[in-house]
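Hydrogens, waters and symmetry mates are skipped; everything else that's a heavy atom, side chains included, is used. A, B, ... follow the sequence lines: proteins, then strands. Residue 1 opens every chain.
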Amino acid sequence: MSHESTKPSIMSNAQRLSNCTEDELTAELLRDGMSSALFVELVSRYQKLVYYHCRNLLVSHDDADDAVQNAFIKIWQNAQQFKGESQLKTWVYRIATNESINLIRKRKPSIDFDEAQPEMAEMISEDLYLSGDDIALKLQKALCFLPFKQKLVFTLRYFEGLSYADIALLTSTSEGALKASYHHALKKLEIYLNVLR
Amino acid sequence: MDLENEKIGPAFSAPDSYFKDTESRLLQRLGIQKELLENQAAETVETPITIAAAVTPLDTLGVQKRARKQDPITAKSQGINKEVEAVGSVVIPPLTFTTNENPEWVNFGAISEEVSGNGDQIKVVSYGDLLSNTESNDAEAPSLNQENITPEIAEETVLEAVNLDQPITTVETPATELTQIETPASELELPAEIPAEVSTIEPSVIVHEVPESVGLDELESYISANVQPTSTSLEPLVSNEVEETTFVNPAKQVESPSPRIAEEKPISLEAPATAFAPIAGRQHESATPGWLGVAAALAAIVAAYFIWTAIQPPKVDTEQVALQQEEATVPEAPLDEQTPTDTIPDGLQLVEPLIMEEIPKYKEPNVYTITDAEEMPARTKRALQDLEDNGLATFDMEDELFEELDFESL
């Protein structure tokens, strides 16, 4: 009888984390630290988000893959430094963004993030795991003609759906500047798409 | 295109298998085993539940469930659980087993006591005995073992077979097999006559000497004619083909009754002597008339004159030279003025009115439309980027966004 009562609780340990909300995961991370089970849950929950975020920034699949691996390793190693001043997802995004920037700097040390990297547009159509949507590919090519700052803001806002407050927290930027940057990026992309059409 | 109202999806779509692979790689890199993690999680959850069951408060309102019982011999008191005591002693029933097998198939009662009492007659050979035998007499050991063991094994097999009510033929089979063991190993060797039998086999392969230049068709027809000499239907075919290839006619060989005779005659590749016979109706050349030679000589002289005049340098006219020198000193205006090079490559067509209609907000004069930008080279893209950077707007952000992000600060 007691065995029957313990059985569902045995099975629910992994499910409990998967059923937890983000706030509950944040609370557990702050209370108990990063356990292996929690890390596995974070990987399964945020892996796709991190990959597509890095892929939008880096375009190359291989670079995005490296950035994802490095980002989660840093999450595992620096979990105790998470102070809970932001959401867990924002923290993960920030580490992934940081890893993407580090990877770009490693590939091209003299890069200026105020300038665009149009050479990235050339490798889009030849890379792996494309959705096949033409207009999406054109938009991705047009993103390569944006300065990296605007590209990041547009990606976080348009594709990831983050709020201006989260993006401001992630980038340590004021919301007003982010809105202006997003607006400029949007208009510029519309011009590019009209040109590329 | 209005991006704010028209949502465009992401351009990348990775399969789930990639994410599973990435997850496994990552966990392997960090030394985390997912399966063990699930098991450990189950154990850690199970422990507090058992503790919670033990910590449940005692029900002191009802009948006292726990009491102590004193042992009359040792005078020590031990805690007892009345609920367990109330259940009483547990009686374990005797073990029984059932089987579907018919007990008549295994008739243990048929084994007589005489057979079961023959254990003294069996000589048990241990490893130590074997070792001592090998040390004392290596040559006698195998023969002794065979003599001692093999008859007893034979008897046992016979008795067991009788007990199992098996036919006699099956009983005799192992006995004969065991008697074969007693035969010396030298007799089991293969007789040396086998190679002699193999050597007596006559070779049936007939080697046909055929030149390499003979075609496959000729070869097939040749072989078929030799293999089946009696078939008369192949004869005209063989003769025709051989005549076409100017070989020695093997039709005679085919016509011959035995194929061996045809093999002895090699096929000659030389052409017959009549292949280069002179053509009978050859015509002789007629003699040319003499006036043709005279006309040719005149034509040669005229041609040489024209060539000579063409080779001679032109006569220098001093006046014309002076005029030409004067003209050369006057600077000439270039015939074609060089057009200023545009920074935009030829692939870009600048259509200003079109862009003005589409984007009224941006009315700078240096905004252009690119109509064929599908296959835009990198140079064009850079030019477009310069155009955009210089012509449309500047997008400077006031914040230092891309300083080294410190993720620990969050």
Side-chain angles (χ1 to χ4, degrees), chain A residues 2 6 9-10 13-14 36-37 39-40 43-44 47-48 51-52 55 65 68-69 72-73 76 78 81 83 85-86 90-91 94-95 97-98 101 113 116 118-119 121-122 129-131 133 135-137 139-140 145 147-150 159 171 173-174 177 181 184 186 189-191 193-196, chain B residues 1-4 7-15 18-19 22-23 25-27 29-30 32 34 37-38 40-46 49-50 53 358-359 361-362 369-370 373-374 376 378 381-382 384-385 388-389 392-393 395-410:
Chain A
S2 61
T6 56
S9 59
I10 290 171
N13 191 24
S36 299
F39 179 74
V40 171
V43 170
S44 63
Q47 186 188 12
K48 289 184 179 179
Y51 170 76
Y52 288 122
R55 185 79 192 268
D65 188 56
V68 170
Q69 295 277 326
F72 276 107
I73 287 173
W76 171 257
N78 299 287
Q81 298 178 5
K83 299 173 184 175
E85 296 176 359
S86 70
T90 310
W91 182 63
R94 181 160 185 157
I95 294 175
T97 305
N98 205 19
I101 291 170
F113 287 104
E119 65 272 7
E122 296 175 2
Y129 303 146
L130 301 175
S131 65
D133 189 3
I135 190 66
L137 281 177
L139 176 59
Q140 200 63 41
F145 290 90
F148 193 81
K149 296 174 182 178
Q150 296 174 23
F159 290 125
T171 57
T173 313
S174 65
S181 180
H184 287 312
L186 206 63
L189 286 174
E190 286 176 358
I191 293 169
L193 288 176
N194 286 325
V195 166
L196 291 171
Chain B
M1 176 173 286
D2 189 5
L3 277 176
E4 278 186 307
K7 186 73 176 175
I8 298 175
F12 308 111
S13 175
Y18 162 70
F19 290 112
T22 305
E23 183 180 350
R25 271 191 295 132
L26 182 64
L27 295 180
R29 206 169 157 186
L30 294 175
I32 300 172
K34 202 171 180 180
L37 196 65
E38 291 175 354
Q40 287 174 358
E43 290 173 0
T44 53
V45 170
E46 195 176 13
I49 289 171
T50 54
E358 287 188 359
I359 312 165
K361 191 181 287 184
Y362 297 91
T369 296
I370 302 168
E374 286 288 335
M376 187 187 294
K381 290 172 186 171
R382 281 194 291 274
L384 182 63
Q385 180 63 34
E388 288 290 330
D389 289 337
L392 287 175
F395 299 99
D396 290 332
M397 294 175 68
E398 296 174 356
D399 302 278
E400 294 297 331
L401 179 63
F402 285 92
E403 292 301 317
E404 184 70 28
L405 290 176
D406 184 17
F407 56 84
E408 293 89 356
S409 63
L410 282 179

Check your understanding: What's the spacing between L30(B) CG and F39(A) CZ if we round to 0.5 Å?
Key -> 5.0 Å
Exercise for review: Quick one: pull up CZ in R55(A) and CZ in F12(B) and give me the separation to the nearest 0.5 Å.
Suggested key: 4.5 Å
Review point. Between atom CZ of F72(A) and atom CD of E23(B), what is the distance when rounded to the nearest 0.5 Å?
Key: 9.0 Å
Check your understanding: Side chains of Y51(A) and T22(B): closer than 4.5 Å at any heavy-atom pair?
Key -> no
**Study point:** Option in I73(A), L189(A), V43(A), D65(A) with maximal non-hydrogen atom pairs under 4.5 Å from chain B
**Key:** D65(A)
Review point. Taking all atoms of both residues into account, what is the closest heavy-atom pair of I8(B) and A136(A), and its distance?
Key: CG2-CA, 3.6 Å
Point to revise | Closest non-hydrogen atom pair, A14(B) against Y52(A) | key: N-OH, 2.9 Å
Exercise for review: Examine whether an atom of L27(B) lies under 4.5 Å from a heavy atom of chain A, and if so say whether it belongs to the side chain, the backbone or both; otherwise answer neither.
Suggested key: side chain
**Study point:** Atom group of Q69(A) that falls short of 4.5 Å from chain B, counting heavy atoms
**Key:** both
Revision key, fill the gap. Rounded to the nearest 0.5 angstrom, the OH-CD distance for Y18(B) and Q47(A) is 7.0 Å
